Amino acid sequence: MSIEKEINRRRTFGIISHPDAGKTTLTEKLLLFGGAIQIAGAVKSNKIKKTATSDFMEIEKQRGISVATSVMAFEYKDYLVNILDTPGHKDFAEDTYRTLTAVDSVILVIDSVKGVEEQTRKLMEICRMRHTPVIVFINKMDRDGRNPFDLLDEVEKELNIAVRPLSWPINMGKSFKGVYLMYDHSLNLFTSNKTKVSENILKIQNLQDPKLVEMIGEKDTSTLKDDVELINEVYEEFDEELYREGYLAPVFFGSAVNNFGIKELLDTFVKIAPSPLPRETSAGMIKAGSGKFSGFVFKIHANIDPKHRDRIAFLRVCSGKFERNRFYHHVRLNKQYKFSNPYNFMAQSKNVIDEAYPGDVIGLYDTGNFKIGDTLTEGEDFTFKGIPSFSPELFKEVINLNPLKTKQLEKGIEQLTDEGVAQLFTQQPGNRKIIGTVGELQFEVIQHRLINEYNALCRFDHLNYYKACWMTGNKEKIDEFCRFRMKDIVFDKDENRVFLAQTAFVLEMAKTNNPDITFHENSEFKIGDGLSKLVK
Ligand code: G4P
């Protein structure tokens, strides 16, 4: 198959949701449709427990499991679909944000009972930043949820994206009868079917078709007609271009646990979702089909066996063809590396591969040479942009408890933060090490791994900071601000100066008093622009 064909048939995406909305269940059902797994429940049993405890073994187990389920590839029709898993637990949100840099589109799952929730908002902010195309799946229609029109309103207003329903529910909860598929005038009648992939689709001519009344009764037919009329009045026609630009999200309704509404979601997804998109680099946009191989590392995973220090770097292929045993250029280190055992994640098993194409994610064994964001090329010196760090929400100082193991501690902290477990900031004078995370759980993971893998003991002292902000603007003003605020200025791993604000008020005051400086809560400095214009 030609490289163009390989690129065109690939769909690389992530499923995002607030915990419990049904992401794991939907992933499992998609795999079932793709024939990647035979029995429903296979993903579930591997699931990262949401109620993550401080039980270290549990954390270890979870880390191990998340390697296996981090990427799931399967074939569907002529397409090759790569699902990139995003951890549901909010303490791992940073990992999720970064994974979103490696996808070309997302499916957003919303619980019909709960509507838009906190994590949904945060994740969608990231998608909007990158104009990621979004398909919305409103799940749990078998439960008595909220009015679908209200849900759509909430999605538009709270997530700042225009919507267009492509399927429409006929009732919900106990009286849920199925969905009407707007685009081809068919009815998908609800049957609870947890393990099979068949759907009960009935084609009708239009909403006047007498078969409709036969199937769902007079009352529901009349409500459906009114609803569809209203939808056509209120919402613009579905426009694929606007979807691909990240402005308009098509919406489907269904019930993942009942395997209902998944097929039309998947069929539409493969049809409209983009194949591997061009990516921004320091040398301009690189297209998937631009010939030479390039890719970037978006995730690093430590080996679960502490005796083996090697790690797995997850590389997203962005352009050209990756080949096993060929030397590639590691841009940051300016060195050549070849990989004898790169692997992919087909159908949840690891297979050594000889080649990979744009959109694919490959696992590379790493002995400590990779950092998140690293670029590999055929020799060119550009780097991929847009793998940002986000402001942590918890800050603690690392206190070394065993001075004889200072080196080990420093190495451990350095490597674990390279993996993206947490962010490391250094404060001068004194070389104080400050770790920032989005959740408590990370500190437990770090402490545990420092002991087990590096034989280093430390304590974390809580620091009263609210946000870390990167700064741009007038250099002299920034220098002056940093001199004045010396005790709150730290350096990130790339030697950028970062302001640690103690409270929201302090940050607001800093912004007001320093109009020549822009304070950014992520290191990428590119917040979504003008998306609201399309939301009615
Ligand atoms: P997550 O990955 O987004 O955190 O959600 P997950 O798929 O684990 O689903 C959360 C809960 O919601 C699960 O129940 C799951 O069975 C249920 N669920 C998923 N889809 C539907 C649906 O369409 N309808 C209904 N009624 N429930 C749904 P649980 O009790 O936490 O787990 P389990 O005991 O069912 O395994």
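The figures that follow rest on heavy atoms only: side chains count, while hydrogens, waters and symmetry mates do not. Please read all numbers here as calculations on a predicted model, not as lab measurements. Start at 1 and go down the list; that is how both ligands and their atoms are numbered.
- Ion pairing of Glu118 with Lys122 is present here, as a side-chain N (NZ or NE/NH1/NH2) and a carboxylate O approach within less than 4.0 Å.
- Around atom CG of Asp226, more than 12 heavy atoms belonging to other residues, nucleotides or ligands sit under 6.0 Å away.
- Residues meeting the ring pair (Phe, Tyr, Trp, His ring centres under 6.0 Å) test with Phe322, sequence neighbours left out: Phe293, Tyr328.
- Across the listed options Val257, Asp20, Ile262, Val257 owns the non-hydrogen atom lying nearest to atom 21 (C) of ligand 1.
- Taking Phe443 as the reference, Phe460 meet the ring pair (Phe, Tyr, Trp, His ring centres under 6.0 Å) condition, with sequence neighbours excluded.
- Glu28 CD to Leu30 CG: the interatomic distance, rounded to the nearest 0.5 Å, is 10.0 Å.
- Results of the side chain to side chain donor-acceptor pair (under 3.5 Å) test with Asp104 over Arg244, Arg10, Arg279, Arg11 single out Arg279 as the only residue that passes.
- The closest approach between any non-hydrogen atom of Asn258 and ligand 1 is not below 4.0 Å.
- The contact set between ligand 1 and Ser255, taken as ligand atoms under 4.0 Å from a residue heavy atom, comprises 22 (C), 23 (O), 24 (N).
- Proximity to Pro19 (heavy-atom distance under 4.0 Å) selects the following atoms of ligand 1: 4 (O).
- For ligand 1 and Ser17, the ligand atoms under 4.0 Å from any heavy atom of the residue are 3 (O).
- Of the listed options Asn139, Val113, Thr25, Ile16, Thr25 places a heavy atom closest to atom 6 (P) of ligand 1.
- Listed by number with element, the atoms of ligand 1 under 4.0 angstrom from any heavy atom of Lys23 are 1 (P), 2 (O), 3 (O), 5 (O), 7 (O).
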